[in-house]
Amino acid sequence: KAYELGVRRLLVKGDSQVVIRQMQGLWKVRSSNLLKLHKQAIEVVKIFQECCFCYIPRALNGKVDSLAT
């Protein structure tokens with residue numbers, strides 16, 4: 001949907017260090033049931049001119065904590 005709305009550069013912030021590092025290509029996806037989802041996410045990212053993944057520790061992200069509770 002973002003691409004359809006004209007977004008070409010994407011900044012993805014997340015509090016899961018594992019997921020962020022996997023999407024950055026720094027860590028491998030070891031769970032076989034997550035591998036398919038990871039591959040799908042990588043394909044989606046390829047349509048954007050630029051996509052950056054940023055890890056935000058939960059302790060520093062009060063907004064996420066308030067949404068999670």
Distance (rounded to the nearest 0.5 Å) between Gln17 CD and Gln24 CD: 9.0 Å

Joint cluster assignment, Ile47 & Val45, ILVMFWY side-chain distance < 4.5 Å: yes

Hydrophobic cluster membership, Tyr55 vs Leu26, 4.5 Å side-chain cutoff: no

hydrophobic_cluster_shared for Met23 and Tyr3, side chain cutoff 4.5 Å: yes

Heavy-atom pair with the smallest gap, counting every atom of Val7 and Leu10: CG1-CD1, 4.2 Å

Close side-chain approach of Leu34 to Leu37, heavy-atom, < 4.5 Å: yes

Stepwise side-chain contact (heavy atoms from CB on, under 4.5 Å) test for Gln22 and His38: CA-CA 8 Å; Gln22 288 171 336; His38 179 262; 4.2 Å; yes

Sub-4.5 Å side-chain heavy-atom contact between Phe53 and Lys13: no

Stacked cation flag Arg8 on Phe48, 6.0 angstrom / 45 deg: no

Intermediate values then yes/no, side-chain contact (heavy atoms from CB on, under 4.5 Å), Val12 and Cys51: CA-CA 7 Å; Val12 179; Cys51 186; 4.1 Å; yes

